[in-house]
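To start, the structure itself, in structure tokens.
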Amino acid sequence: RSSAKLVAPLGCLVSRQKHTLPDLPYDYAALEPHINAEIMQLHHSKHHATYVNNLNVVEEKYKEAVAKGDVTTQVSLQPALKFNGGGHINHTIFWTNLSPNGGGEPKGELMEAIKRDFGSFANFKEKLTAVSVGVQGSGWGWLGYNKEQGRLQIAACANQDPLQGTTGLIPLLGIDVWEHAYYLQYKNVRPDYLKAIWNVINWENVSSRYATCKK
């Protein structure tokens, strides 16, 4: 299976193709024992698929509202666009951030940037874990790139708020801390899930994202 590319900006509502659920670049059981196959199957084929389906419905309604000049309806649809569009964007990144051959530490420019901006890889890992654990309710922990300042930055986003659309940071690594991402295996112990997920982080993908956003 091929890895999915990021979706087109949500503003492209005229003559657009419908969004589709991307294939995973690995099998549902590939991340075991760190994330089990049942979680991956439900997370991808049910949760992500729902965001995609709802996004297509909302965009169609938005397109109709634009054609009618119905600004009130356009405004009322914004929360659903943000939620379902963010859910699609976030998960499309998340699947590629994980790999059965992941774990360990990054190399090259990304590692140098982590040491520069966080002091050490261990310090970075501790900070991103703490931010992710601390998300109240549902949301995401992120490593992003601040293009204006030329540095890496850690942030948390609530619900499915997309990192770039809400903070301006370019997403490099996202950690999903919605309960559907871990509850079947780790119950309500989010820290155990976060400890495990570092074993499947795809640093090649994160490094590639970093190299691309620096151009």
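For reference, positions follow the sequence shown, starting with 1.
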Original post:
Taking side chain as C-beta onward, heavy atoms only, is T129 less than 4.5 Å from W198?
Top reply: yes
**OP:** State plainly whether one hydrophobic cluster holds both I201 and M40, where clusters connect Ile, Leu, Val, Met, Phe, Trp and Tyr through side-chain heavy atoms under 4.5 angstrom apart.
**Re:** yes
Original post:
Between K214 and E109, does at least one N-O distance fall below 4.0 Å, as a salt bridge requires?
Top reply: yes
**OP:** Look only at the side chain of D161 and the backbone of C157, and say whether a donor-acceptor pair between them is shorter than 3.5 Å.
**Re:** no
Subject >> Side-chain donor/acceptor of Q185 to backbone N/O of N36, under 3.5 Å >> reply: yes
**OP:** Would you mind reporting whether I170 and T212 have side-chain heavy atoms less than 4.5 Å apart?
**Re:** no
**OP:** Would you confirm whether S76, through its side chain, and T73, through its main-chain N or O, come within 3.5 Å as a donor-acceptor pair?
**Re:** yes
Original post:
Within the side chain of N84, is there an N or O that forms a donor-acceptor pair under 3.5 Å with the backbone of A80?
Top reply: yes
Original post:
Going by atom types alone, do N97 and N205 pair a side-chain donor with an acceptor below 3.5 Å?
Top reply: yes
Original post:
Between the side chains of Q160 and W140, does any donor sit under 3.5 Å from an acceptor?
Top reply: yes
Original post:
Taking all non-hydrogen atoms of both residues, which atom of A156 and which atom of V135 are closest, and how far apart?
Top reply: CB-CG2, 3.9 Å
Original post:
Any side-chain heavy atom of L194 sitting closer than 4.5 Å to one from I175?
Top reply: yes
**OP:** State the NE2-CG distance between H47 and L42, to the nearest 0.5 angstrom.
**Re:** 6.0 Å
Subject >> Polar side-chain atom of N146 near backbone of E148 as donor-acceptor pair, under 3.5 Å >> reply: yes
Original post:
Rounded to the nearest 0.5 Å, how far does NE2 of H19 lie from CD1 of I89?
Top reply: 8.0 Å
Subject >> Joint hydrophobic cluster, W178 plus L184, side-chain heavy atoms closer than 4.5 Å >> reply: yes
Subject >> Identified side chain to side chain contact (heavy atoms under 4.5 Å, CB included) counterpart of Y210 within the set I114, L143, L172 >> reply: L172
Original post:
Can you tell me how far CG of L152 sits from CG of L110, rounded to the nearest 0.5 angstrom?
Top reply: 6.5 Å
Original post:
Would you say E38 has more than 12 foreign heavy atoms packed within less than 6.0 Å of its CD?
Top reply: no
Original post:
Quick one: does L169's side chain get under 4.5 Å of Y145's, heavy atoms only?
Top reply: no
**OP:** May I ask you to decide if R151's main-chain N or O and D117's side chain share a donor-acceptor pair within less than 3.5 Å?
**Re:** no
Original post:
How many angstroms lie between CG in L163 and OG1 in T167, if you round to the nearest 0.5 Å?
Top reply: 3.5 Å
**OP:** Quick one: pull up NE2 in H88 and CG in L55 and give me the separation to the nearest 0.5 Å.
**Re:** 6.5 Å
Original post:
Would R190 and S132 count as having a side-chain donor-acceptor pair, cut-off 3.5 Å?
Top reply: no
Original post:
Do F118 and E126 have side chains that get closer than 4.5 Å, going by heavy atoms?
Top reply: no
**OP:** Examine distances only and state if a side-chain atom of N123 and a backbone atom of S120 form a donor-acceptor pair shorter than 3.5 Å.
**Re:** no
Original post:
Is it the case that one hydrophobic cluster holds both L81 and V66, taking links as side-chain heavy atoms less than 4.5 Å apart, direct or via other members?
Top reply: yes
Original post:
L21 and Y26: same hydrophobic cluster, using ILVMFWY side-chain contacts below 4.5 Å?
Top reply: no
Original post:
Is the count of non-hydrogen atoms from other residues, nucleotides or ligands lying under 6.0 Å from K147 atom NZ greater than 12?
Top reply: yes
Subject >> CG on L173 to CZ on F94, rounded to 0.5 Å >> reply: 9.0 Å
**OP:** With side-chain contact (heavy atoms from CB on, under 4.5 Å) as the test, would you mind laying out the steps for F124 and I154 before giving the verdict?
**Re:** CA-CA 9 Å; F124 152 72; I154 287 171; 4.0 Å; yes
Subject >> Test of ring centre spacing under 6.0 Å for Y193 and Y183 >> reply: no
Subject >> P171 and R209, any side-chain heavy atoms less than 4.5 Å apart >> reply: no
Original post:
With side chains defined as the heavy atoms from C-beta onward, is the minimum distance between W142 and N90 less than 4.5 Å?
Top reply: yes
**OP:** Evaluate whether atom CD of Q153 has more than 12 neighbouring non-hydrogen atoms of other residues, nucleotides or ligands under 6.0 angstrom away.
**Re:** yes
Original post:
Quick one: which of H43, H48, H44 gives a side chain to side chain donor-acceptor pair (under 3.5 Å) with W95?
Top reply: H48
Subject >> Residue pair L31 / I197, side-chain heavy-atom distance below 4.5 Å >> reply: no
Subject >> Stepwise ring pair (Phe, Tyr, Trp, His ring centres under 6.0 Å) test for F121 and W203 >> reply: CA-CA 12 Å; F121 177 75; W203 290 114; 5.7 Å; yes
